[in-house]
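Working notes, structure below.
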Amino acid sequence: MSISYKDLGLVNTKEMFAKAVEGGYAIPAYNFNNMEQLQAIIQACVETKSPVILQVSSGARKYANATLLKNMARGAVEYAKELGYEIPICLHLDHGDTFELCKDCIDSGFSSVMIDGSHHSFEENIALTKKVVEYAHANGVTVEGELGVLAGVEDDVVAEKSHYTKPEEVIEFVSKTGVDSLAISIGTSHGANKFTPAQCTRNADGVLIPPPLRFDILEEIERKLPGFPIVLHGSSSVPQEHVETINKFGGAMKDAVGIPEEQLRKAAKSAVCKINIDSDGRLAMTAAIRKVFAEKPAEFDPRKYLGPARDELKKLYMHKNINVLGSADKA
Ligand code: G3H
Ligand code: 13P
Ligand code: ZN
């Protein structure tokens, strides 16, 4: 039996994005697959009065179970109200790779889907994206498409090299598909190792400095599509404090490097109205859990290590909303 996102109290991205583009900020799109992550996202977004996109990859959907996820999203809406402030909440499929998956998500309460046809040819990407848009729009669901390929691991899609979005393709893609937003490739990348040391420079302290984002490409895309909502994937900043904590307490993360927050802040002030963050949350959680395991080896109650992990996550999301995305006080 299918259910509409409206019955779960969710919203699509239409109004969120219009306000974000107009107001020069970006909506946070945080990935989740378990209760503690969802609690931290909702607590942080209610406390900072920020709209939010709850993002679920196909891997996360398999991990958590579709029925549970749907009811977790419904619960998140109720939980936000219980915390005392109603914020717009969208449930979004991250990196959908087939029409069938997108349809299944639309039929089970998602208010927004991404169809990632970026690994197909331009023509095939258009055809697949258009098919998803037709079904989604008939159900009031918004759609994110992608042009250009990010480096790193995208769920089941692996891109060894980044191919920047070609500005000359964006008008045709958007007009032929009818998408509501467009994910572009301007130098961000998925995961915690976004760049090899060879691609970076080092500052005086030996810290890796990644190559800057291609704001020239973003500006050209904005000129072609004035006011159209743009999305940045792979936008974790890989906080070095968490990497250091992980490594101090038995981890082995080498040369982990992310996108500097000032560059994301600059992007958020432009037509970029959705910024995807997953890896930073993974790092914050892992650092907190490793610390408890190392300092309290006798502890075996999951609440004693998942609780501190949840607190760290909440801190991270509040910081992003306030200082990076500019979405605080916009709900
Ligand atoms: O872009 C990918 C997201 O970080 C989701 O990752 O497929 O491991 O859940 P995942
Ligand atoms: P990060 O790996 O940089 O967090 O990117 C997440 C993402 O793009 C999810 O779609
Ligand atoms: Zn992504």
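Order of listing sets the numbers, starting from 1, for every ligand and every atom in it. Just the heavy atoms: all of them, side chains too, but no hydrogens, waters or symmetry mates, feed the values below.
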Query raised in the report: Any idea how Tyr30 and Tyr317 line up, ring-wise: parallel (<30°), tilted (30 to 60°), or perpendicular (>60°)?
Result: tilted
Requested in this report: For atom 2 (O) of ligand 2, grab the closest protein heavy atom and report residue, atom and distance to one decimal in Å.
Outcome: Ser279 OG, 2.7 Å
Query - Nitrogen or oxygen of Gly191 less than 3.5 angstrom from that of ligand 2 - result: yes
Report summary line: A student checking ligand 1 against His95 at a 4.0 Å heavy-atom cut-off should list atoms 1 (O), 2 (C)
Requested in this report: Provide the number and element of each atom of ligand 1 under 4.0 Å from a heavy atom of Asp278.
Outcome: 3 (C), 4 (O), 5 (C), 6 (O)
Query raised in the report: Do any nitrogen or oxygen atoms of Asp278 lie less than 3.5 angstrom from nitrogen or oxygen atoms of ligand 2?
Result: yes
Query raised in the report: Just which atoms of ligand 2 are under 4.0 Å from any heavy atom in Ile277?
Result: 4 (O)
Report summary line: Note: ligand 2 atoms sitting under 4.0 Å from heavy atoms of His95 are 10 (O)
Query - Under 4.0 Å to a heavy atom of Asn31 - the qualifying atoms of ligand 1, by number - result: 3 (C), 5 (C)
Report task. Could you tell me if any non-hydrogen atom of Arg282 lies under 4.0 Å from any atom of ligand 2? Result -> no
Requested in this report: Please work out whether any backbone atom (N, CA, C, O) or any side-chain heavy atom from C-beta onward of Ser189 is under 4.0 Å from ligand 2, and answer side chain, backbone, both or neither.
Outcome: backbone
Query raised in the report: Taking it one step at a time, do Tyr5 and Phe110 satisfy ring pair (Phe, Tyr, Trp, His ring centres under 6.0 Å)?
Result: CA-CA 6 Å; Tyr5 68 88; Phe110 280 62; over 10 Å; no
